[in-house]
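The next block holds one structure in the form of structure tokens; read it before the comments.
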Amino acid sequence: MACALTNGRALECREAVGGLRNVYFANHDTLGAYTISDGELTAVDTAAADVFKYALNPQRSEYSETITVSEDNGTVFYEQVTTLMLPNLSKAALSALRLLTSGRFQIFTEDNNVNESNGFGVLYLVGAYNGATVTGGTVALGKALGDMSGYTLTITSRERKSALIVEAGTTTIFDGISAAITVVTS
């Protein structure tokens with residue numbers, strides 16, 4: 001049987017936290033070739049890609065991946081959903097929103113599990129092959145003075161495999177991206 005289990009899983013230590021720190025957008029199909037080893041992304045050619053960093057407020061944005069299996073059809077796919085809460089409406093923010101809702105992207109999501117040796121959280125490449133698109137969202141001004149004035153976006157991708165994890169300790173991916181990063185501000 002090709003799908004036989006080959007290992008188990010012990011109870012893990014409680015050392016991980018949730019939430020997203022940053023997301024990095026690249027236009028679909030601009031990242032170039034991927035090098036994948038053991039299900040992890042170990043290198044990507046970012047020389048031709050412009051990558052745009054969106055810094056996120058703590059505990060406001062999230063990522064989830066839903067596994068969908070059809071016993072009848074013998075298929076499985078992964079729906080990857082990134083929900084971003086981006087406060088502060090402005091002319092520049094609304095312009096960026098228009099571009100985001102029209103495009104198709106590959107997204108590096110960076111979580112809050114920071115590696116102290118390189119200062120980055122764990123990265124997941126969302127929409128690696130099919131790209132990710134905005135599938136919903138809201139623009140809100142709030143009601144009370146303390147309410148958020150900004151926008152929330154739901155970005156979805158459906159892939160044959162789960163999001164690619166960037167190999168732990170790999171800094172070459174960020175080395176390539178950091179030269180082209182544009183930090184988006186409101």
Side-chain angles (χ1 to χ4, degrees), residues 3-26 31 34-46 49 51-69 76-87 100 105-138 148 150-178 180-181 183-185:
C3 301
L5 286 176
T6 59
N7 62 352
R9 182 174 189 238
L11 184 62
E12 298 283 329
C13 296
R14 288 175 278 207
E15 56 189 13
V17 296
L20 300 181
R21 293 181 74 210
N22 301 299
V23 290
Y24 304 84
F25 288 92
L31 288 178
Y34 301 150
T35 303
I36 300 170
S37 175
D38 236 0
E40 291 186 321
L41 183 66
T42 58
V44 64
D45 179 12
T46 58
V51 179
F52 302 93
K53 175 182 177 181
Y54 277 60
L56 304 172
N57 284 338
Q59 302 182 53
R60 300 298 293 164
S61 298
E62 64 183 328
Y63 170 78
S64 65
E65 189 170 83
T66 302
I67 305 165
T68 302
V69 178
V76 62
F77 71 91
Y78 297 81
E79 184 173 79
Q80 304 162 348
V81 178
T82 307
T83 303
L84 303 178
M85 294 189 73
L86 302 165
L100 284 171
F105 309 96
Q106 279 132 335
I107 308 168
F108 287 97
T109 60
E110 180 187 358
D111 74 11
N112 283 318
N113 294 291
V114 176
N115 179 333
E116 292 179 8
S117 66
N118 66 15
F120 292 104
V122 177
L123 285 173
Y124 301 84
L125 180 55
V126 177
Y129 299 101
N130 296 328
T133 58
V134 172
T135 55
T138 58
M148 184 180 91
Y151 55 97
T152 302
L153 293 179
T154 301
I155 305 167
T156 305
S157 177
R158 291 179 185 90
E159 297 283 343
R160 188 173 74 86
K161 296 188 175 189
S162 63
L164 295 172
I165 297 173
V166 176
E167 181 181 32
T170 299
T171 57
T172 56
I173 291 173
F174 271 122
D175 290 345
I177 289 174
S178 62
I181 281 180
V183 177
V184 175
T185 58

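Count residues from 1 along the sequence.
- Taken to the nearest 0.5 Å, the OG1 atom of Thr35 stands 7.5 Å off from the CG atom of Leu41.
- Listed here is the closest heavy atom pair of Arg21 and Gly121: NH1-N, 3.8 Å.
- For the pair Asn112 and Gly18, the tightest heavy-atom approach, listed with the atom from each and the gap, is ND2-O, 3.0 Å.
- Distance check: Ile36 CD1 to Lys161 NZ gives 7.5 Å after rounding to the nearest 0.5 Å.
- Listed by chain and residue number, Phe25 satisfy the ring pair (Phe, Tyr, Trp, His ring centres under 6.0 Å) test with Phe105 (two or more places apart in sequence, or in another chain).
- Between Glu40 atom CD and Leu123 atom CG the span is 11.5 Å, to the nearest 0.5 Å.
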Quick one: side chains of residues 130-138, donor-acceptor pairs under 3.5 Å with protein atoms, not counting sequence neighbours, listed by atom name and distance.
from: Asn130; atom 1: ND2; to: Arg158; atom 2: O; distance (Å): 2.7
from: Thr135; atom 1: OG1; to: Thr154; atom 2: O; distance (Å): 3.4
from: Thr135; atom 1: OG1; to: Thr156; atom 2: OG1; distance (Å): 2.8

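- By the 4.5 Å heavy-atom criterion applied to side chains, Ile155 and Leu84 are counted as neighbours.
- Scanning both residues, Asn113 and Glu15, for their nearest heavy atoms gives OD1-O, 4.1 Å.
- For Ile67, the side-chain contact (heavy atoms from CB on, under 4.5 Å) partners are Val69, Val76, Tyr78, not counting sequence neighbours.
- A side-chain donor-acceptor contact under 3.5 Å links Gln80 to the backbone of Gly127.
- Closest heavy-atom contact between Ser162 and Glu65: CB-OE1, 2.9 Å.
- Residue-environment remark: CD (Glu79) exceeds the threshold of 12 foreign heavy atoms within 6.0 Å.
- Summarising the geometry, atom CG belonging to Asp111 is positioned 5.0 Å from atom OH belonging to Tyr124; distances are rounded to the nearest 0.5 Å.
- Here CG of Leu125 is found 13.5 Å from OH of Tyr24. Values are rounded to the nearest 0.5 Å.
- Between the side chain of Ser61 and the backbone N or O of Met85, at least one donor-acceptor pair lies under 3.5 Å.
- Note: Tyr34 and Tyr129 have perpendicular aromatic rings, judged against thresholds of 30 and 60 degrees for the angle between ring planes.
- Between the CG atom of Leu86 and the CG atom of Leu153 there is a distance of 6.0 Å, given to the nearest 0.5 Å.
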